[in-house]
Protein chains: 2
Amino acid sequence: MARPTVNDIAEEAGVSLATVDRVLNGRPGVREKTVSRVQAAIEKLGYVRDVTAANLARQRRYRLVFVLPDVPAQFVDTLHEAIAESVSTSVVDRTDVRIVSFPNDNPHALVKSLRALSAADTDGVAIFAQETPHVRDAIARLKADGVPIVALVSDLPNTGRDHFVGIDNVAAGRTAGFLMGKFIGNTGGSVMVLVSSLQARDNVERRLGFDQVMAESFPAIEVLPSIENHDDEETTTRLVTEMLRKRPDITGIYSVGHGSQALVEVLRGHERRHAITLIAHELTRVTREALRDHLMDAVISQNVGHIVRSALRVLRAKSDGRDIVSSQERIRIEIVVRENLV
Amino acid sequence: MARPTVNDIAEEAGVSLATVDRVLNGRPGVREKTVSRVQAAIEKLGYVRDVTAANLARQRRYRLVFVLPDVPAQFVDTLHEAIAESVSTSVVDRTDVRIVSFPNDNPHALVKSLRALSAADTDGVAIFAQETPHVRDAIARLKADGVPIVALVSDLPNTGRDHFVGIDNVAAGRTAGFLMGKFIGNTGGSVMVLVSSLQARDNVERRLGFDQVMAESFPAIEVLPSIENHDDEETTTRLVTEMLRKRPDITGIYSVGHGSQALVEVLRGHERRHAITLIAHELTRVTREALRDHLMDAVISQNVGHIVRSALRVLRAKSDGRDIVSSQERIRIEIVVRENLV
DNA sequence: AGCTAAATGAGGTACGTACCTCATGTCAAT
DNA sequence: ATTGACATGAGGTACGTACCTCATTTAGCT
C-alpha cells in the first residue's frame with residue numbers, strides 16, 4: 001500500500017483538506033474534537049509528512065554560519081574541509097553555509113564578527129571559541145535577537161548556547177589516561193602533559209579526566225604539571241626538548257591540544273622515541289604520519305564530519321523550533337591506532 | 001542569490017524548458033551543439049538539480065531487502081535494531097525496507113529466501129551470509145535478474161556482489177592484535193583465540209590479521225590455535241573452561257566471533273579474570289557490561305547504524321545506475337574501551 | 001429563534017522537477 | 001522545391017504539501 005497523503009487523512013477523518021492542514025501545521029480555528037479525529041486518522045493510516053514535498057512547498061532555506069578561529073592548528077583545517085564537503089553534498093537540504101574566521105589572539109575581532117550577524121540574514125550560528133566576557137555578551141545579543149547558537153568542540157556553558165556539539169572532553173581525557181596507563185604498563189616512569197592553553201575549556205577538561213584515571217588506576221606513574229605552548233611551534237620545541245633532558249624518566253607524553261606538529265618533530269629526532277608512549281588528540285595529517293611512523297601510539301579523535309553535520313541538523317531544528325533527538329547528536333570519542341588508521 | 005532552476009537554465013541557454021529537460025535526463029533528440037549550450041548554462045549558473053523536487057515528481061520508490069541470519073548472536077540483534085531505526089527515520093528518502101531472516105544452519109533456507117526475490121518487487125538486496133556454492137548461484141541469479149547486491153559485514157568476493165559494506169576484517173584483527181600486545185606488554189604468556197566458525201570469512205580474516213601483528217610485533221606472546229564454538233553457548237563454556245585449566249599461562253583472550261555472552265560468563269566467575277586481557281568484537285549489551293565491569297579491556301566494533309545507512313545509500317545509487325563516493329562509504333574500525341563507552 | 005463568532009469546506013496557486021503530447025522549426029538529401 | 005527525419009518549442013499534468021481567500025455551516029449564546 002502506498003504511503004498515505006494529506007488527502008487520505010482528510011477522507012479518513014471525514015474533514016476537508018484545509019482542516020487537516022490546520023491541524024498538521026498547528027494553525028488555529030479547529031475544535032478540540034476535530035483535532036483528535038484528524039489525529040486518530042493520522043495514527044490509523046500511519047501518516048508521515050513527506051518532508052521533501054513540505055520543504056519544497058515551504059520554500060524554506062536555512063542560512064547558517066560557522067565561526068572559527070584562524071589558528072595554525074591542523075585540526076581547524078580539517079574542520080574547514082569538513083564544512084566545505086558538507087556544503088557540497090548537502091545542497092539537498094536547503095542550507096546555505098558561510099564561514100567566518102577570526103584571529104585567535106584578538107577577542108575583539110571575534111566580537112566584531114559576531115556583531116555583524118543578525119536574525120535578518122542568519123538562521124543559526126555554530127561557534128568554536130573560548131568563553132570570555134566579551135564573547136559571552138556578543139552571544140547573548142545574538143540569542144536575544146532570536147538566533148540559535150551551538151558551541152562547537154569546546155563548550156560555552158555560561159553563554160546560554162542552545163546546544164554543544166562535540167565530545168565529552170573529560171571522558172576523552174579519561175580515555176587517553178586509560179590507554180596511557182595500559183600502554184606504559186608496569187614500566188612506570190613519568191608522563192609529560194602538553195596543553196594549548198589553560199584558558200581553553202576543552203583542554204582543561206581533558207587534563208582533568210586524564211588525571212582522574214591516572215590517579216585511580218595507575219598510581220605508579222607520575223603525571224607532571226601541564227606545559228602550556230599556546231599553539232606555538234618554537235615554544236613547544238624549546239619546552240619539550242628541555243623537559244626531555246631534565247626528566248630522563250619520562251615514559252609517556254600526552255598532547256592535549258589541537259596541534260602536535262612541533263612535538264612530533266622533536267620526538268622524531270630523539271633517541272628515546274621508541275621508549276616513550278605518545279598519545280595525542282585529533283586525527284590530522286601530522287598525527288596520521290606519526291602513527292604510521294611508529295612515533296605515536298594512539299590518537300583520541302572526534303569525527304569532524306559528524307560534528308559539522310550534527311551542528312547543521314541541530315541549528316536547522318532549533319531554527320524551526322523543533323526538538324532534536326539528542327541520542328543521535330552524540331559525538332563519539334574515537335580511538336585511532338596504527339592498525340585502524342582507515 | 002537564489003538557487004537557479006531549470007527555467008533559468010532554459011533562459012540562459014536560449015532554449016526551451018523541454019530541451020533542458022531532455023539534456024538533464026539524457027533523453028534523445030537534442031543536437032550535440034545544443035547539448036553543450038545547455039551544459040554551459042548549467043555550468044555558468046552553477047545549477048544543481050533539486051533532488052527532493054525531482055524525487056517528488058518522479059514518484060520513485062526503492063524497495064530494498066536485508067537478508068540476515070537468524071542466529072542467537074547479539075550483534076545480529078543490533079543490526080535489526082539499526083535497520084528498524086533507519087526505517088523509521090528515513091521514510092524521507094522514499095525507501096521501503098524488508099528484512100528476510102534465514103536459519104543460519106540451513107543453507108537451503110537461505111537459497112529459498114533468495115529465490116523468492118526478483119527484480120519485479122525488489123530494487124536491491126543487502127546480504128549477511130557466508131559464501132557457499134549454493135549461495136553463490138542464488139546471488140548470480142539475482143544479479144542476472146538485474147538486482148543490485150551488497151554484501152554486509154562479511155564479504156562475498158566471488159559472487160559478483162556490487163559492493164561490500166563493512167570493515168576491513170584483516171585490519172580489525174590487526175587492531176585487536178596491536179591492543180592485545182600493548183596491553184599484555186612484557187608480561188608475556190599465551191593468548192586464547194575463540195572463533196565462531198572457520199567457514200566464516202570475516203572470522204578467518206580477523207584471525208589472520210591478529211596473527212600477523214602478534215608475530216611481527218609481539219613475538220614473546222604465544223598465540224594458541226583457534227577454538228571454534230559455532231556460536232553455541234554450551235560449547236563455549238566447556239571449551240573455554242577446559243582451556244583455562246590446561247593453560248594457566250593464558251594472559252589474553254581474543255574473541256573473534258559475533259557473540260561473547262558465554263565467554264564473559266565463564267570469565268566473570270574465574271579467579272584469574274583480572275590477570276587476563278580480554279578483547280572482543282562488536283559493541284552489544286554483553287560487551288558493554290563486560291567493559292563496564294572491568295572484565296573486558298577493549299571492543300573492536302563496527303557501527304551498525306553506519307553500516308545500514310551505507311548499504312541503503314549504495315543500493316539506491318546502484319539501482320539508479322549512479323556512482324557511489326567510495327570514500328564516504330568506508331566503515332571505520334572502532335575501538336571502544338571503558339572510558340569512551342558513550 | 002435569532003444572532004454572532006468560531007469552525008469548516010471548497011478551491012485555488014505555488015514550489016521545482018519529470019514526463020507527456022502535439023505543433024512547428026530546421027536541415028540535408030533528393 | 002519537396003520530402004522526411006530530426007530538433008525544438010509550447011503547454012500541459014502530476015507529485016505532496018503549504019498557504020491563501022472566501023463562502024458556508026455549526027455551536028454557543030441571549
Side-chain angles (χ1 to χ4, degrees), chain A residues 1-42 45-62 91-96 319-322, chain B residues 1-42 45-62 90-96 320-322:
Chain A
M1 178 193 61
R3 204 170 142 186
T5 73
V6 274
N7 287 294
D8 300 325
I9 303 298
E11 195 172 337
E12 174 72 28
V15 300
S16 77
L17 197 68
T19 301
V20 173
D21 180 66
R22 290 182 184 111
V23 173
L24 278 177
N25 296 293
R27 282 184 255 276
V30 185
R31 261 182 304 165
E32 200 54 50
K33 237 175 80 183
T34 314
V35 171
S36 32
R37 260 222 325 282
V38 171
Q39 278 169 343
I42 290 175
L45 300 187
Y47 169 81
V48 183
R49 188 197 301 250
D50 184 327
V51 188
T52 68
N55 284 337
L56 182 60
R58 209 190 307 250
Q59 273 297 83
R60 179 87 160 86
R61 292 202 67 84
Y62 301 90
V91 211
V92 178
D93 30 45
R94 327 198 83 76
T95 304
D96 302 314
S319 171
D320 287 343
R322 297 196 324 262
Chain B
M1 178 191 59
R3 206 171 140 184
T5 74
V6 275
N7 286 295
D8 300 325
I9 303 299
E11 195 173 334
E12 174 72 28
V15 300
S16 76
L17 196 68
T19 300
V20 174
D21 180 68
R22 289 180 185 114
V23 172
L24 279 175
N25 296 292
R27 283 186 253 278
V30 185
R31 257 181 306 165
E32 199 53 50
K33 238 176 84 184
T34 314
V35 171
S36 30
R37 255 217 335 277
V38 172
Q39 279 169 343
I42 290 175
L45 299 188
Y47 169 81
V48 183
R49 189 195 302 246
D50 184 328
V51 188
T52 70
N55 283 337
L56 181 61
R58 209 191 307 251
Q59 273 297 85
R60 178 84 159 88
R61 292 203 69 82
Y62 300 90
S90 79
V91 212
V92 176
D93 32 46
R94 326 199 86 77
T95 304
D96 303 314
D320 287 344
R322 296 196 322 264

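Each chain gets a letter, A, B and so on, in the order the sequences are listed, and its residues count up from 1. Values in this document were obtained by computation on a predicted structure and should not be read as measured data.
- Checked against C:dA18, C:dT17, D:dT17, the side chain of B:Arg27 finds its nearest nucleotide in C:dA18.
- The distance between atom CZ of A:Arg37 and atom P of C:dT8, rounded to the nearest whole Å, is 8 Å.
- Within 4.0 Å of B:Ala18, counting heavy atoms only, lies at least one base atom of the nucleic acid.
- With A:Arg3 contributing its side chain and A:Arg49 its backbone, the two residues share a donor-acceptor pair below 3.5 Å.
- Closest contact between the side chain of A:Arg49 and the listed nucleotides D:dA18, D:dT17, D:dA7 involves D:dA18.
- Among D:dT17, C:dT17, C:dA18, the nucleotide with an atom closest to any side-chain atom of B:Thr5 is C:dT17.
- Set against D:dT17, D:dT8, C:dT17, the side chain of B:Thr19 has D:dT8 as its closest nucleotide.
- No hydrogens or angles were tested; on distance alone, nothing pairs the side chain of A:Arg58 with the base of D:dG16 as donor and acceptor under 3.5 Å.
- The local environment of CD in B:Glu12 is crowded, with over 12 non-hydrogen atoms from other residues, nucleotides or ligands closer than 6.0 Å.
- No donor-acceptor pair under 3.5 Å is formed between the side chain of A:Asp21 and the backbone N or O of A:Leu17.
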TODO: Might you work through the side-chain hydrogen bond (donor to acceptor under 3.5 Å, both in side chains) test for B:Thr19 and B:Arg37, ending with a clear yes or no?
DONE: CA-CA 11 Å; B:Thr19 300; B:Arg37 255 217 335 277; over 6 Å; no
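- To the nearest angstrom, P of D:dT17 lies 15 Å from CG of B:Asn55.
- Rounded to an integer number of Å, the gap from A:Leu56 CG to D:dA14 P is 17 Å.
- OP1 and OP2 of C:dT8 both lie 4.0 Å or more from every side-chain N or O belonging to A:Arg22.
- Taking atom CG on B:Asp21 and atom C1' on C:dC20, their separation rounds to 10 Å, with Å as the unit.
- Following rounding to the nearest Å, A:Asp50 (CG) and D:dG16 (C1') show an atom-to-atom distance of 6 Å.
- Side-chain contact between A:Asp8 and A:Thr5: present, with at least one pair of heavy atoms (C-beta onward) separated by less than 4.5 Å.
- Separating the CZ atom of B:Arg60 from the P atom of D:dG16 is a distance of 16 Å, rounded to the nearest angstrom.
- The nearest whole Å value for the distance from the CG atom in A:Asn7 to the P atom in D:dA14 is 13 Å.
- The nearest heavy atom of DNA chain C to B:Arg31 and to B:Asn25 marks one nucleotide each, and the one closer to the 5' end goes with B:Asn25.
- Between C:dG16, C:dG9, D:dA18, one nucleotide has an atom nearer to the side chain of A:Ala57 than all others, and that is D:dA18.
- A straight line from NZ of B:Lys33 to C1' of C:dA28 spans 15 Å, rounded to a whole angstrom.
- An OP1 or OP2 oxygen of D:dG9 is reached within less than 4.0 angstrom by a side-chain nitrogen or oxygen of B:Ser16.
- Between B:Gln59 and C:dC19 there is no side-chain N or O to OP1 or OP2 distance below 4.0 Å.
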